[in-house]
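A short worksheet on the structure shown next.
Throughout, a chain's letter reflects where its sequence line sits, starting with A, and its residues are numbered from 1.
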Protein chains: 2
Amino acid sequence: MTEGVHSVTTIKDVAQHAGVSTATVSRVLNGHAAPTPETRTRVLAAVDELGYRPNALARSLRTTSTKTLGLVISDLVNPFFAEIARAVEEEARAHGYCVIVANADESADQQATYVRNLLDRRVDGLLVCPATDDPTWIAEVDANDVPLVLLDRTVEGATCPVVRADGAQALAELAEVLRAAGHRRVGVIAGPADTSTGRERLEQFARGGLDLEVVHGDFRRDSGALAAAELLSRADRPTALVAMDNLMGLGALEELRRRGLKVPDDVGLAVYDDQPWFPLLDPPITVVAQPTVEMGREAARSLLELIAGAQPADVRLTARLVVRGSCGEATGAA
Amino acid sequence: MTEGVHSVTTIKDVAQHAGVSTATVSRVLNGHAAPTPETRTRVLAAVDELGYRPNALARSLRTTSTKTLGLVISDLVNPFFAEIARAVEEEARAHGYCVIVANADESADQQATYVRNLLDRRVDGLLVCPATDDPTWIAEVDANDVPLVLLDRTVEGATCPVVRADGAQALAELAEVLRAAGHRRVGVIAGPADTSTGRERLEQFARGGLDLEVVHGDFRRDSGALAAAELLSRADRPTALVAMDNLMGLGALEELRRRGLKVPDDVGLAVYDDQPWFPLLDPPITVVAQPTVEMGREAARSLLELIAGAQPADVRLTARLVVRGSCGEATGAA
DNA sequence: ACTGGCCCTGTAATCGATACCACGTGACCG
DNA sequence: CGGTCACGTGGTATCGATTACAGGGCCAGT
């Protein structure tokens with residue numbers, strides 16, 4: 001338990017202390033067949049006494065398994081992704097895996113760097129929320145034969161499982177709610193055109209048949225404020241705004257407040273992604289809520305299956321509309 | 001660049017391809033003295049052609065350095081910690097280090113498990129936001145001679161550097177603001193008594209001389225709602241609530257809304273930790289804002305210094321009061 | 001009593017890199 | 001012209017584990 005001089009104890013020390021070979025120690029620790037109950041207890045006693053813990057690096061080098069998943073996330077400060085990260089981590093832990101979270105900050109470069117870094121560390125599998133459509137980094141993952149699952153967003157020619165939420169229905173309903181509340185011209189604060197979610201949400205919402213004014217943001221707070229500012233400055237200002245992500249929604253709210261515009265009387269508002277504080281606003285914000293926890297969990301499950309050798313199918317969960325009041329009330333004249 | 005059969009290329013392959021020894025390849029890749037410009041380019045060409053990337057596990061095993069920091073955080077979904085995590089990660093990256101984020105979920109057990117796991121992985125240093133005061137896990141870190149820095153919270157007999165924010169001044173001012181607004185009996189939703197921040201904030205606020213009703217929460221949302229409910233149900237209900245953490249503040253806000261109580265007329269409110277959406281509420285929430293980004297950055301810097309062999313001092317940043325209106329206006333009769 | 005087989009254990013190779021040491025070569029100097 | 005020194009390079013031990021293989025002891029069967 002107590003080493004006078006601090007020095008990491010190795011399997012060799014344990015072997016010596018227990019009067020056996022390192023092979024035997026290893027066998028005991030890995031529950032392998034063989035060791036006699038008697039040697040077993042002797043080894044375990046030595047382990048305990050020396051406070052021995054196996055060096056994970058050495059072990060992984062030998063076994064080519066790290067029991068570690070890599071998670072590359074677009075933006076850690078985005079609560080949507082933070083929640084996903086947590087769910088992934090929980091599911092992974094339940095299966096004896098550890099997760100390394102890397103934050104790409106919505107940058108394709110940084111994402112590529114992290115993917116490489118995680119591959120270097122020989123993670124057993126990779127979970128990525130792609131920052132952009134650029135698929136070049138995938139080749140690198142494939143070349144290393146590392147299982148890969150895409151989360152939330154997809155990229156061009158991805159052949160790996162994808163886990164995401166489908167908001168088509170919810171966005172159609174949202175268009176209907178806006179129309180019913182008398183909105184005809186709607187300003188959309190869309191995500192980047194080079195992300196699948198950016199494009200899809202816009203496209204699906206466009207099917208609602210409303211007259212759209214579109215400005216693209218980058219899924220971050222400031223871009224939401226900027227986009228809102230631009231939309232609200234236009235000659236015939238839209239009567240409602242829809243932000244396609246919670247952070248841009250936050251930015252839009254800030255801009256509305258700055259301009260002293262009242263929701264929903266001056267301008268209606270809806271946001272993609274729910275947040276715990278949206279119901280606390282006055283009025284509470286109407287949102288498209290994504291099943292974040294399930295997304296994280298399913299993604300982790302898929303990846304673990306892939307690692308185990310199975311061929312999990314794509315997972316498509318459904319987002320749902322939560323009407324709260326920030327779009328105004330339905331008028332008789334629908 | 002393209003390997004027909006997927007197989008990881010090792011340094012041996014590169015050596016063979018370039019017609020040199022593995023030692024030379026290693027020297028080139030590590031910028032060591034020696035290699036001739038000519039062999040240099042030849043090796044680099046081979047590296048490029050084979051798409052070789054060194055195995056970080058093997059390298060770390062040999063060098064006993066992983067260029068990795070471990071960050072154990074109390075709760076990843078808490079935006080306060082998420083922001084800290086991001087700052088840590090950014091600072092670490094700037095110095096060529098990678099960060100493994102582990103989420104203890106405010107559980108001492110899970111924290112201990114993760115600390116052990118990170119030690120097993122031979123991180124070069126450890127950054128911990130302790131879940132509780134229990135200091136037993138520190139012995140383990142010390143036994144491995146791994147540099148340690150405590151973040152946000154401290155524990156009993158910690159001999160390592162600590163980075164935190166000092167809210168004494170801000171809390172004193174808050175007490176003054178509340179008093180000026182006519183509040184005398186204040187309900188405090190305090191953090192757990194077995195965390196340093198839980199105790200300190202309460203104690204420092206208590207110095208303000210107000211009549212306090214205290215209920216302890218656990219730094220999470222639900223406990224904030226529960227505590228608020230209890231305080232508001234008491235016979236002579238406090239005229240204001242102070243939540244000692246943003247998540248408990250969120251819970252308290254939800255409870256207030258549920259009861260239809262208006263802030264600040266029915267009950268005043270202040271929260272420890274600022275959040276981007278607090279200014280958007282009606283009224284905007286008065287808060288004690290912590291310098292989260294600086295905390296993360298300073299913690300990372302301290303740890304890196306410690307790793308480099310220096311003896312960084314404790315860092316104590318200051319939190320500041322941001323008065324917004326949720327505590328009511330100062331009345332003439334102060 | 002001898003032998004075959006099983007069970008437990010130890011020896012040693014191995015994972016993929018780094019680093020120490022020694023060696024060969026060319027240059028420089030006396 | 002020979003010796004020394006410096007520099008570039010290769011061979012090999014090593015990091016700390018796992019694991020294939022081999023060997024020794026013991027029991028049972030004939």
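- Rounded to whole angstrom, the span from the CZ atom of A/Arg27 across to the C1' atom of D/dA17 amounts to 13 Å.
- Taking all atoms of both residues into account, the shortest heavy-atom contact from B/Phe81 to B/Ile73 is O-CD1, 3.3 Å.
- The separation between B/Asp13 atom CG and C/dA17 atom C1' is 13 Å, rounded to whole Å.
- The distance between atom CZ of A/Arg40 and atom P of C/dT9, rounded to the nearest whole Å, is 11 Å.
- Phosphate contact (OP1/OP2 of C/dG16, side-chain N/O of B/Thr10, threshold under 4.0 Å): absent.
- Between A/His32 and D/dT19 there is a side-chain N or O to OP1 or OP2 distance below 4.0 Å.
- When rounded to the nearest whole Å, the span between CD1 of B/Ile11 and C1' of D/dG10 equals 13 Å.
- Per the geometry, CG belonging to A/Leu61 stands 9 Å off C1' belonging to C/dT14, to the nearest Å.
- The minimum heavy-atom distance between A/Val146 and A/Val123, with the atom names listed, is CG1-O, 4.1 Å.
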TODO: For the pair B/Thr113 and B/Asn117, evaluate side chain to side chain donor-acceptor pair (under 3.5 Å) and give the outcome as yes or no after the intermediate values.
DONE: CA-CA 6 Å; B/Thr113 305; B/Asn117 193 296; over 6 Å; no
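- Nearest heavy atom pair, residue B/Ala131 against residue B/Ala108, reads CB-N, 4.1 Å.
- Toward the 5' end of DNA chain D, the nearer of the two residues A/Lys12 and B/Thr22, judged by each one's closest nucleotide, is B/Thr22.
- For A/Arg59 and D/dT18, a side-chain-to-base donor-acceptor distance below 3.5 Å is absent, hydrogens and geometry of angles not being considered.
- In this structure a side-chain-to-backbone donor-acceptor pair under 3.5 Å is present from A/Ser74 to A/Cys129.
- One atom, CG of A/Asp120, and another, P of C/dA17, lie 10 Å apart when rounded to the nearest Å.
- With hydrogens and angles left out, the side chain of B/Arg122 and the base of D/dG16 share no donor-acceptor pair within 3.5 Å.
- No hydrogens or angles considered: a donor-acceptor pair under 3.5 Å links the side chains of A/Thr68 and B/Arg121.
- Rounded to an integer number of Å, the gap from CD of A/Glu38 to P of C/dC7 is 19 Å.
- Of the N and O atoms on the side chains of B/Thr136 and B/Asp134, at least one donor lies less than 3.5 Å from an acceptor on the other residue.
- Picking from D/dG11, C/dA17, C/dT9 the nucleotide with the shortest atom distance to the side chain of B/Arg62 gives C/dA17.
- The side chain of B/Asn55 places no N or O atom within less than 4.0 Å of a non-bridging phosphate oxygen (OP1 or OP2) of C/dC15.
- For A/Ser21 and C/dG10, the shortest distance from a side-chain N or O to OP1 or OP2 is below 4.0 Å.
- The OG1 atom of B/Thr24 sits 9.0 Å away from atom CZ of B/Arg42, with the distance rounded to the nearest 0.5 Å.
- Distance, B/Asn30 CG to C/dC20 P: 13 Å, rounded to whole Å.
- The overall bend of the helix from C/dA1-D/dT30 to C/dG30-D/dC1, read as the angle between its terminal helix axes built from five base pairs each, is 60° when rounded to 10 degrees.
- Phosphate proximity of C/dT9 to A/Thr39: present, with a side-chain N or O under 4.0 Å from OP1 or OP2.
- Between A/Thr24 and C/dG10, a side-chain N or O to OP1/OP2 separation shorter than 4.0 Å is present.
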